[in-house]
Amino acid sequence: MYSILLNIVVEKARKKESKSKHSLKDLENEVKNSYYNDREYVEAGGYNGFFEAMTRLESEGIIESVRASKRNNRLPSLHETYWIFGTKKCETWSDTIIFMLCDELNMDRYRSLPFLQTKENLERLIAVYRFLKTKNESNWLDREERSLMLFGDEKFLGSNNGKAFLDRVHLTLADLKIEQKQVEFDCWESDSLSNKSNVTVLITEGQATYHTFKKLLMENTWQFDCKPDLLIFGKGNGIHASFPYIENFIAGKHPLIRYCGDIDPSGLNIFHTLVSRFPDYRIQLAEDIYHFMFQNNQFYPQTTQQLLSKETESRFNSQSCSLYQKFEWLFLSNRRIPQEVINFDTIYGGG
């Protein structure tokens, strides 16, 4: 069904110079008409197969949903209207550029599907091409760290779009020197934790940063203040449900609990909720780590809708006023700093 829908989309694009709108209903009817009857269409996958084909075409950048259009009343749902890009938009890459990229990348898919020849895809391909040229000079990083470094978006390689992008050029995560980690609650404890009464706990929101910090501690090369006795992978909002597990490590002790996460509304809301739910503990921001994140001057656009709660804003204004003023400047300019800016390249490069 994917190939049938792809042929339909290609044929429509060839008739247009610029992108044009097409209704979901018409596209599905054209797919149905390519089968002998409705029963044959259902046996080939029916609407679910059509949904998978539409999703794949969109992830590959061949079509694009009209975001303002309504969703249809079927499960799983799709938008009712889609853009199909015309030939004028797609046929923009020069043979020289494609030949250069072929030195490191498999470009067969981009040659056969000119709809993929967008400015955004070209920028991503050039970023990967340059990385592969100097690959031996780079450290192994976590997926989110490498994704941020190459594409300015730490979540891209973990998304469907990112996976389709790598698949098109026949690359794996290992080709980009990415270490794959198990996604689960994880922690590291020092050998002296059980014998100490005053202990420092560091909770980090993201898994990539957790593994970076863990390696520093295991190699005894900690670069920040308050070397932790216990390091926790918070897993974003998952830290709220995991906190009782942490309490088993610090029972009968006097813990200082420090937190660091993304510098965006979501990251600060996680911290505020943590402090509010567990008021009996001394939980603070790891301000030295946040200052390090600012030192890089690497600011990224806020691509998702995030709002800072009034309670969170009030807490930061009263407890970390100077740091919050920096945060506020970012938020007002619709920018953020993912904590994946903390990695071995930035640490050993002096920030």
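Throughout, numbering of the chain's residues begins at 1 and tracks the sequence.
The two residues Asp142 and Ile178 have their closest heavy-atom pair at C-CG2, 3.9 Å. The two residues Arg146 and Leu176 make their nearest non-hydrogen contact at NE-O, 2.8 Å. Across all non-hydrogen atoms, the minimal contact from Asn48 to Leu75 is OD1-O, 4.1 Å. Scanning all heavy atoms of the two residues, the minimum distance from Leu101 to Tyr129 falls at CD2-CB, 3.7 Å. For the pair Val128 and Phe165, the tightest heavy-atom approach, listed with the atom from each and the gap, is CG2-CE2, 3.9 Å. Considering all non-hydrogen atoms of both residues, Glu154 and Pro338 come closest at OE1-CG, 3.4 Å.
Through chains of ILVMFWY side-chain contacts below 4.5 Å, Trp83 is grouped with Val66.
Legend: salt bridge (Lys or Arg N to Asp or Glu O under 4.0 Å) pairs involving residues 248-264, not counting sequence neighbours, sorted by first then second residue: Arg258-Asp288, Asp262-Arg336, Asp264-Arg336. Residues in residues 209-232 take part in these salt bridge (Lys or Arg N to Asp or Glu O under 4.0 Å) pairs, two or more places apart or across chains: Lys196-Asp229. For the ring pair (Phe, Tyr, Trp, His ring centres under 6.0 Å) condition, the pairs that include at least one residue of residues 37-71, sequence neighbours left out, are Tyr35-Tyr41. Contacts classified as ring pair (Phe, Tyr, Trp, His ring centres under 6.0 Å) and involving residues 255-281 (residues at least two apart or in different chains) are given here: Phe243-Phe278, Phe243-Tyr281, Tyr259-Phe271, Phe271-Phe316.
Put simply, the residue from Met293, Arg143, Gln298, Glu144 that forms a side-chain contact (heavy atoms from CB on, under 4.5 Å) with Glu340 is Glu144.
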(message) What verdict does the side chain to side chain contact (heavy atoms under 4.5 Å, CB included) test give for Arg282 and Ile257, after you've listed the backbone C-alpha separation in whole Å, the side-chain angles of each residue and the deciding distance to 0.1 Å?
(response) CA-CA 6 Å; Arg282 189 161 50 119; Ile257 301 175; over 6 Å; no

(request) Take Ser147 and Met149 through the test side chain to side chain contact (heavy atoms under 4.5 Å, CB included) and record every step on the way to the result. (result) CA-CA 5 Å; Ser147 186; Met149 181 174 294; over 6 Å; no

(request) Give the C-alpha distance, both sets of side-chain angles, the deciding distance and a yes or no for side chain to side chain contact (heavy atoms under 4.5 Å, CB included) between Thr204 and Ile232. (result) CA-CA 6 Å; Thr204 184; Ile232 301 294; over 6 Å; no

(request) Determine, stepwise, if the pair Leu216 / Phe344 fulfils side chain to side chain contact (heavy atoms under 4.5 Å, CB included). (result) CA-CA 9 Å; Leu216 290 174; Phe344 293 116; 4.0 Å; yes

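No hydrogens or angles considered: nothing links the side chains of His254 and Ser197 as a donor-acceptor pair under 3.5 Å. There is no side-chain donor-acceptor pair under 3.5 Å between Asn195 and Ser192. Side-chain polar atoms of Asn72 and Ser77 form no donor-acceptor pair below 3.5 angstrom. One side chain, Arg168 or Tyr110, offers a donor N or O that lies under 3.5 Å from an acceptor on the other. Under the 3.5 Å distance criterion, with hydrogens and angles disregarded, a donor-acceptor pair is assigned to the side chains of His22 and Ser20.
The pair Arg56-Glu52 does not count as a salt bridge, with every side-chain nitrogen at least 4.0 angstrom from each carboxylate oxygen.
Taking the six-membered ring for Trp and the full ring otherwise, the centers of Trp329 and Tyr324 sit at least 6.0 Å from each other.
Asp95 CG: 12 or fewer foreign heavy atoms inside a 6.0 Å radius.
Residues meeting the side-chain contact (heavy atoms from CB on, under 4.5 Å) test with Glu58, sequence neighbours left out: Ile63, Ser65, Arg67, Tyr82. Remark: Glu80 pairs with no residue by the side-chain hydrogen bond (donor to acceptor under 3.5 Å, both in side chains) rule, at least two apart or across chains. Taking Asp108 as the reference, nothing meets the side-chain hydrogen bond (donor to acceptor under 3.5 Å, both in side chains) condition, with sequence neighbours excluded. Scanning for side-chain hydrogen bond (donor to acceptor under 3.5 Å, both in side chains) contacts around Glu123 gives an empty result, with sequence neighbours left out. Every residue meeting the side-chain hydrogen bond (donor to acceptor under 3.5 Å, both in side chains) condition with Glu43, not counting sequence neighbours, appears here in chain and number order: Arg39. Taking Thr172 as the reference, Ala174, Asp175 meet the side-chain contact (heavy atoms from CB on, under 4.5 Å) condition, with sequence neighbours excluded. Under the rule for a ring pair (Phe, Tyr, Trp, His ring centres under 6.0 Å), the partners of Trp222 that lie at least two apart in sequence or sit in another chain are Phe213, Phe224.
A 4.5 Å side-chain heavy-atom check between Trp188 and Phe233 finds every atom pair outside the cut-off. Side-chain contact between Asp153 and Leu148: absent, with no pair of heavy atoms (C-beta onward) separated by less than 4.5 Å. Counting only heavy atoms from C-beta outward, the side chains of Glu145 and Ile342 never approach each other to under 4.5 Å. Using a 4.5 Å heavy-atom cutoff, the side chains of Ile239 and Ile246 are in contact. Side-chain contact between Glu104 and Lys133 is present, with at least one heavy-atom pair separated by less than 4.5 Å. Here the side chains of Arg109 and Val169 are not in contact, with every heavy-atom distance at 4.5 Å or above. Between Ile263 and Phe294, some side-chain heavy-atom pair lies under the 4.5 Å cut-off. Looking at heavy atoms from C-beta onward, Pro228 lies in side-chain contact with Leu217 at the 4.5 angstrom threshold.
A donor-acceptor pair under 3.5 Å is formed between the side chain of Thr346 and the backbone N or O of Asn343. Within the 3.5 Å criterion, the main-chain N or O of Pro265 finds a donor-acceptor partner in the side chain of Asn269. A distance-only check finds no donor-acceptor pair linking the side chain of Glu28 to the backbone of Leu24 [under 3.5 Å]. A donor-acceptor contact shorter than 3.5 Å is absent between the side chain of Ser314 and the backbone of Glu311. Side chain of Asp167 to main chain of Lys163: no donor-acceptor pair is present (N/O by atom type, distance under 3.5 Å, no hydrogens or angles). Formation of a donor-acceptor pair under 3.5 Å by the Gln339 side chain with backbone atoms of Gly206 is found in this model. Between the side chain of Thr209 and the backbone N or O of Glu205 there is no donor-acceptor pair closer than 3.5 Å. A donor-acceptor contact shorter than 3.5 Å is absent between the side chain of Glu179 and the backbone of Lys177.
The hydrophobic cluster containing Trp140 does not contain Leu157, counting ILVMFWY residues as joined when their side-chain heavy atoms lie under 4.5 angstrom apart, directly or transitively. Under a hydrophobic clustering in which Ile, Leu, Val, Met, Phe, Trp and Tyr are joined whenever their side-chain heavy atoms come within less than 4.5 Å, directly or via other members, Tyr348 and Phe292 fall into the same cluster.
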